[in-house]
Every structure is written in structure tokens, then in C-alpha cells.
Amino acid sequence: MAEWKDYGLVLRSREYREADRLVTLLTRKRGLLTGVARGVRKVQSKLAARVEPLTLGYYQLHQGRSSLATLLQGEALNHHRKLCSNPLLLAHAQYFCELCESSLPEHEPAVPVFSLLLQALTTLEAETQPARAARCFELNLLSLLGYRPVLDACLFCRGPGPYRFDPPSGGLVCSRCAASAEAFAVSGAAVAVMKRFLELGFYRLSVCRVPAVLSGEIHRVSRVLIAKAVGKTRFKSLEVLHSLTEGH
Ligand SMILES: [Zn+2]
């Protein structure tokens with residue numbers, strides 16, 4: 001049984017018992033965890049606003065014998081209000097959170113993922129093309145999870161492009177090497193943008209041109225790798241996101 005303080009970002013929060021909330025937090029030191037915030041649905045609760053989704057806070061937690069931690073107190077540092085007031089940005093932010101929750105084990109330190117997610121949310125707040133930030137986030141998260149695609153040569157012969165992306169091997173394959181039947185073409189422009197995302201992350205992302213067609217090509221690749229890394233392809237937040245962007 002122990003108490004500790006830690007920075008954490010609220011990935012998700014849902015009603016629990018009569019007056020509590022179950023809060024999924026990505027903390028800096030202890031990674032992903034679920035905590036109970038007691039009494040936060042009562043009118044006078046001070047903690048209530050500090051356990052809203054996308055809040056970055058400094059929390060005091062207690063870990064008892066159960067796998068659930070208890071959130072004792074919190075100080076909100078950033079509510080990411082700009083994201084909460086724009087449905088499209090909010091849907092992207094929720095997708096980033098769902099990807100983290102789905103891909104990380106509980107109670108294991110994940111400092112690089114924590115930093116990446118905070119950077120992604122900050123970038124998203126000023127982003128005019130949220131799809132670009134989403135592709136950049138996906139690839140960098142995949143890299144941290146150990147699924148960084150090799151993009152500078154054919155996976156089999158190390159030769160140059162043009163390339164196809166081969167889902168079973170999770171890499172680029174040149175036209176001379178035999179790829180599987182599921183392999184699909186990836187343009188040189190898409191490869192160049194993916195390399196840029198992996199080398200520079202969110203640094204000066206606003207000057208990186210990523211038209212919708214390129215974003216679509218890159219998403220096809222990242223979806224395959226996410227399925228390998230996370231073990232699933234359906235994300236509730238991604239469905240919400242698609243329902244918002246369809247027809248635009
Ligand atoms: Zn080859």
C-alpha cells in the first residue's frame with residue numbers, strides 16, 4: 001500500500017458506482033493505470049474538473065491491494081480546452097488517447113509515450129490539418145512500441161524503390177522481390193513524408209505538406225502496423241472521427 005504523486009493525463013473517464021468516476025490515466029512514472037475518483041459526481045467535489053478527459057494534472061494517488069488506484073487529490077495544469085471546443089480536434093485527441101490505452105500494458109513506465117502524447121495534443125491545438133498530426137502520431141507511437149517501419153530500402157534485398165508495402169512482413173518491398181498478394185503500392189512521396197515524421201516528429205509539422213491522398217496512403221500503412229502492434233483494427237474514436245469527416 002503506498003501513496004505517490006505523479007503527472008498524469010486523463011485518457012478516459014466514466015461513471016462508476018453512485019457518485020464516483022473510473023479514470024484511465026497515463027501517468028509519467030507508472031504508465032497506464034485506472035483510478036477511482038470518489039464522490040466526484042457530487043456537486044461540491046473539487047476533484048471533478050480535474051478528472052475530465054484530456055486534463056493534464058499533478059495527482060496524488062494511493063495504490064491498495066486491488067488493481068484499482070484511488071485518486072486522492074489533483075491539480076489541473078492544462079485542460080486542453082481548445083481541443084474540447086472543436087469536435088474534429090476532439091475526435092483526433094480521443095483517437096490518440098484510445099491508441100495509447102489500447103497499446104500500453106498497465107503499471108509499466110512509458111515516459112516516451114507520455115511525452116509523445118503531450119506533444120501531439122499541443123500540436124493538435126494549433127493544427128489546421130489534424131489528419132497530418134494523426135499520421136505523425138501513429139508512426140511515432142508505432143516506433144516507440146517497437147514497430148518502426150524500415151523505409152530506406154527493400155526489406156528483403158535492401159534495394160531501392162519503387163516500393164510496395166507488404167502487410168505480412170510489415171515493411172517495404174521492391175518490385176523485384178516477391179511480395180505477398182496483400183501488398184499494395186506506396187508512392188515515393190508517401191515514403192518521404194513517413195521518413196520525415198519519424199525523423200523530426202512534430203517539429204515544424206505545420207510546414208510539411210500532406211495532401212489528403214498522401215495521408216490516406218500513409219494511414220493504410222499505419223493501420224496495418226497498428227493491427228500488428230495493438231492486435232485490433234477497430235477503434236471507437238476512429239469511427240467517430242470518420243463519421244465527422246465523411247462527405248468533406
Ligand atoms: Zn527487394
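Nothing here was measured: the structure is a model prediction, and the numbers come from that model. Index from 1, following the sequence. In each ligand, atom 1 is the first atom listed, and ligand 1 is the first ligand listed.
Legend: residues meeting side chain to side chain contact (heavy atoms under 4.5 Å, CB included) with Thr70, ordered by chain and number and at least two apart, are Arg38, His62, Leu72. Listed by chain and residue number, Phe137 satisfy the ring-ring contact (aromatic ring centres under 6.0 Å, His included) test with Phe96 (two or more places apart in sequence, or in another chain). For Glu125, there are no side-chain hydrogen bond (donor to acceptor under 3.5 Å, both in side chains) partners at least two apart in sequence or on another chain.
Any protein N/O/S atom under 2.8 Å from the Zn ion (ligand 1) was counted, giving 4 altogether.
Between Glu239 and Lys236, none of the side-chain N atoms (NZ, or NE/NH1/NH2) sits under 4.0 Å from a carboxylate O, so this pair counts as no salt bridge.
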**Message:** Before you tell me yes or no, could you show the steps for Ser169 and Asp166 under side-chain hydrogen bond (donor to acceptor under 3.5 Å, both in side chains), namely the whole-Å CA-CA distance, both residues' side-chain angles and the distance that decides it to 0.1 Å?
**Reply:** CA-CA 6 Å; Ser169 50; Asp166 183 49; 2.4 Å; yes
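Screening Val23, Thr24, Thr27 for a side-chain contact (heavy atoms from CB on, under 4.5 Å) involving Leu33 leaves a single residue, Thr27.
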